[in-house]
Amino acid sequence: MGITGLLLDIEHDGNEIKLYVKTSDGVKIVKDRYFPYFYAIPNGKENELMKKVKGKAKDIEKMEAVVDGDKKTVIKIAVEEPSKLSKVRDLIKEEFETREYDFSLTERYMIDKGITPMRVYEIKGEKDLKFKEIDKIIKIDALAFDIETYNPKGMPNPKEDPVIMVSYASKKEKGVLTWKKINADFVEYLENEEECLSKLEDISQRYDVIYTYNGDNFDIPYIKERRGKLRLGFEKENVKLRKSKQGHFAEIPGRPHVDVFRCVSFLEGIGAIRILRYTLEDVYKAVLGKEKIDVNTRELWKTWDNEKEDQMAELAMYSLQDSIATYELGEYVLPLFIELAKLTGKTLYHAVRISASHVVESVLIREAHKRKEIVPKKPNEEEVMRRIRQTIKGAYVKEPVPGLHENIAVLDFRSLYPSIIIAHNVDPFTLDKEKKCKDYYESPNGYRFCKDRIGLIPAVLKNLVTMRAKVKKEMKKYKRDSLEYKILNARQQSLKIAANATYGYLNFARARWYSKECAEAITAWGRYYVRKLIDEAEKAGFEVIYADTDSAFIKLGNKKKKDTLDFLDKFNSKLPEFMELELEGFYKRGIFVTRKMGRGAAKKRYALLSETGEMKITGLEFVRTDWSEIAKEVQRDVLRLVLEGKVEEAKEKVRKTIDMIRKGEIPLEKYVIYTQLKQNIAQYEAIGPHVRAAKRLLEAGHAIFPGMLIGYIVTKGGGNIGDRSYPFYPVNLLGSRRPDPDYYINNQLLPAVTKILAEIGIKKDDLKFGGKQSKLGKWF
DNA sequence: GCGAGCAGCGTACCT
DNA sequence: ACAGGTACGCTGCTCGCG
């Protein structure tokens, strides 16, 4: 007796656990019973502790466990009901230290059973279920949906404005539900809004997972507000809404809600993707390289009212494309979030709403349990504030040698911080404060880490790194477009995310395993190894022109590539196990620019030309959102021409662009400067141009909120720059105002290009008066 | 009264 | 709700000059 299937979701009601299992015969609910527990540390006063909880707890167990690195006697106290846990803890928490009292019941259940969501198990038993993992792939069927709303006042108001269209898309079906007649084969006409939403609920019942794009904050709360329910869950269970400072969250019981916008935000947070805006259109294009039709959503209600046949059909098509784009993006990101769920033990719903620090913490908690270690407490707010106040010394950045360089090799340490942690057993509880260990690693800043046992964090990292190597090897057996390859690729990505976030986690104020000393030791070792690399490279006869955190840029001079590889081998042979220096690449040329203020070259700003002719631009205006397109484009072109030695062409490019700006031949969009509004408008002490532009949006009746992107153009006229900054995005309020050529030439174009040209001896005046000066001179 | 110089604010980027 | 290192534009103040 038993069933085999994929653990899709889990929830609990009191002490009853509900497992949603996808079997070959659809999703089934399997129930179990589970009693929550926590730990108390008696510190010798066991009898007192026992007396206090006797009769109040369901079960009391004395056991040995590792507490903050030391073996101790702990008391495991189980209770009948989740709600009773805090009551029992209250009896003793003043006198005894208590631990692990704030774990979610379902997560604790899964930890104890050794299971995670999104894996396939054979499940046996009635009361105390037994799980056996099965190596099998069960495919997930997902449905994307999206709503269009009536919006005569700009933003739709769910109290008045109906949902006018519902679109959906999956692998096998797609369509639009609406309550006005539209002539298109993918549109289904229904009586009213209610019918459309109810039909969506019916359709959802055929799927395992729901995709939305910002469904957490828009689609689902909107529908809920309008009719008080949305029954997308298993057997039409109502969706659950939760509000917090980070917005709304919409959980669909038994049918994981994957809000693709949350997935994309996570990827942005870990630096996996970076784009200007995270609208569905922009993400669809940036991630999948596909375009979709765009309609003016502000005018959407007019289209609905006018009922013109072609416009209505276009609106329906737009709506459908939103669902298709959401579906395709969902399919693209799902494997990664499934792997993150498997790695962390979070449900898929939680995995797509997780932060990098939570990934690390979840993995540590699971591993701690395996090692019979009691998990440290979460810090209270006071402690968090104390931790935030104390900052530590970070990485080393070498000031670059300014100018144009030839034949550069870039060397970097593979996963520097994780490898330092593993190689030196860096862990909050191997840290030897009293200096009593015989065998230890000593960091350059004088912290000691005992060698007698492997710390939890280095052990976890070693595991992540070795598993990743194994997965990468396994990947080679499969074709790139196979399902197996995609899964393995997602798995190695999830392992990489967890490993890379570990150092940051140790220095994260809210971390359970926070350790300033560990973080300080890691960065100290980091600085030590990069400086060592610089020294050794110089000793070997290379000129080191730049270094940042884990890399060094070395000039070959009269040496050959072979010499670089020999140096690499020699250096690696002296490195501890698990640490490795890699060749990032060879570059034909590179340029480092002189700093605006003071002397010397700017750090973190340079361009490299690869051997295949590709240009890599780092830190310069070209990669910044808060510079106009016109300045960025010309900077890119000038960089390429300078790196290719085409100096005259570079000068000509600048002169020609100045000419075009003067003549007004540049499209308006290229003047836009995008800057994020980071705080509430009232909080600003210094009113910059983007704040001025935002204020103008507000005055014109548009919504302003922190986090929004403001695109503005500096126009002609008097006063300072802010006085002349008018919004262009999200709404163009320029009216008849035109961009100020002086500003765009002197404050945008020239600063972006003169610093590059200055490195090859060209001064600003050469651009003004050289060449075609007859036509240009008078403008300066 | 005015311009130069500069500190502080604010944002975005690199690793 | 990852942190530290960095550059740099804009605003608004101070200071010296006349």
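Scope of the values below: all heavy atoms of this structure, side chains included, with no hydrogens, waters or symmetry mates. Computed from a prediction, not measured in an experiment: that's the story for all the values here. Each chain gets a letter, A, B and so on, in the order the sequences are listed, and its residues count up from 1.
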| request: Mind calculating the distance between CZ (A/Arg527) and C1' (C/dG5) to the nearest angstrom? | output: 12 Å

| Selected nucleotide, minimal atom distance to A/Tyr743 side chain, candidates C/dC10, B/dG10, C/dG4 | C/dC10

| request: Ignoring backbone atoms, establish whether A/Arg510 has a side-chain N or O less than 4.0 Å from OP1 or OP2 of C/dA1. | output: no

| field | Chi angles and distances behind the ring-ring contact (aromatic ring centres under 6.0 Å, His included) call for A/Phe266, A/Phe337 | value | CA-CA 10 Å; A/Phe266 175 83; A/Phe337 290 91; 5.7 Å; yes

| query | Which part of the nucleic acid does A/Asn720 contact within heavy-atom distance under 4.0 Å: base, sugar-phosphate only, or nothing? | reply | sugar-phosphate

| request: Could you tell me whether the phosphate oxygens of C/dA1, OP1 or OP2, come under 4.0 Å of any side-chain nitrogen or oxygen in A/Ser357? | output: no

| To the side chain of A/Arg274, which of B/dG10, B/dC13, C/dC10 is closest? | B/dC13

| remark: A/Arg692 atom CZ is separated from C/dG9 atom C1', nearest whole Å, by 16 Å

| field | Side chain of A/Thr618 - closest among B/dG10, C/dA1, B/dC14 | value | B/dC14

| said: In whole Å, I'd like the distance from the NZ atom of A/Lys755 to the C1' atom of C/dA7. | reply: 8 Å

| Pair A/Glu251 + A/Arg242, salt bridge at N-O below 4.0 Å | no

| note | Here the distance between atom P of C/dA7 and atom OH of A/Tyr606, to the nearest Å, is 14 Å

| message | Without decimals, in angstroms, what is the distance between A/Asp548 CG and C/dG5 P? | response | 11 Å

| task | Using a 4.0 Å heavy-atom cut-off across all strands, classify A/Val623 as base, sugar-phosphate, or nothing. | result | sugar-phosphate

| field | Closest nucleotide among C/dC2, B/dT11, C/dA7 to the A/Phe508 side chain | value | C/dC2

| query | Can you check whether A/Lys604 has a side-chain N or O nearer than 4.0 Å to OP1 or OP2 of B/dC14? | reply | no

| said: By nearest atom, which of the nucleotides C/dG5, B/dA12, C/dC10 is closest to the A/Pro689 side chain? | reply: C/dC10

| said: Heavy atoms only, 4.0 Å cut-off, all strands: where does A/Ser551 land among base, sugar-phosphate and nothing? | reply: nothing

| said: If the cut-off is 4.0 Å, is A/Asn747 near the phosphate of C/dC10, judged by side-chain N/O to OP1 or OP2? | reply: yes

| said: Return whichever of A/Gln748 or A/Ala395 has its heavy-atom-nearest nucleotide of DNA chain C closer to the 5' end. | reply: A/Ala395

| message | Checking contacts here: which listed nucleotide (B/dA12, B/dC9, C/dC10) is nearest the side-chain heavy atoms of A/Ala686? | response | B/dC9

| Counting only side-chain N and O atoms of A/His358, is one of them less than 4.0 Å from OP1 or OP2 of C/dA1? | no

| request: Please work out whether the ring planes of A/Phe592 and A/His405 are parallel, tilted or perpendicular, with thresholds of 30° and 60°. | output: perpendicular

| Within the structure shown, what part of the strands sits under 4.0 Å from A/Gly722 by heavy-atom distance: base, sugar-phosphate, or nothing? | sugar-phosphate

| query | Does the ring of A/Tyr726 carry A/Arg696 above it, NZ/CZ under 6.0 angstrom from centre and within 45° of its axis? | reply | yes

| note | A/Tyr505 OH to C/dC2 C1', in whole Å, measures 12 Å

| task | Select one nucleotide: of B/dC13, C/dA7, B/dT11, the one nearest the side-chain heavy atoms of A/Arg605. | result | C/dA7

| task | Remember a base hit wins even if backbone is also touched, and classify A/Ile270 as base, sugar-phosphate or nothing at under 4.0 Å, heavy atoms. | result | nothing

| field | Separation of B/dT11 C1' from A/Gln679 CD (nearest whole Å) | value | 11 Å

| task | May I ask you to evaluate whether A/Tyr684 reaches the phosphate of B/dT11, defined as a side-chain N or O under 4.0 Å from OP1 or OP2? | result | yes

| Are the charged groups of A/Lys393 and A/Glu520 less than 4.0 angstrom apart, N to O? | no

| Of the nucleotides C/dC10, B/dT15, C/dC8, which has the atom closest to the A/Thr549 side chain? | B/dT15

| Interatomic distance where CD1 belongs to A/Ile392 and P belongs to C/dA3 [whole Å] | 11 Å

| said: Is the phosphate of C/dA3 approached by A/Lys393 (side-chain N or O, under 4.0 Å from OP1 or OP2)? | reply: no

| A/Arg738 to A/Tyr671 six-membered ring, cation-pi geometry met (6.0 Å, 45°) | no

| message | Base, sugar-phosphate or nothing for A/Gly504? Non-hydrogen atoms, less than 4.0 Å. | response | base

| Short side-chain N/O contact to B/dA12 OP1/OP2 from A/Lys678, under 4.0 Å | yes

| query | Between A/Arg531 and A/Tyr396, is NZ or CZ placed under 6.0 angstrom from the six-membered ring centre and within 45° of the ring axis? | reply | yes

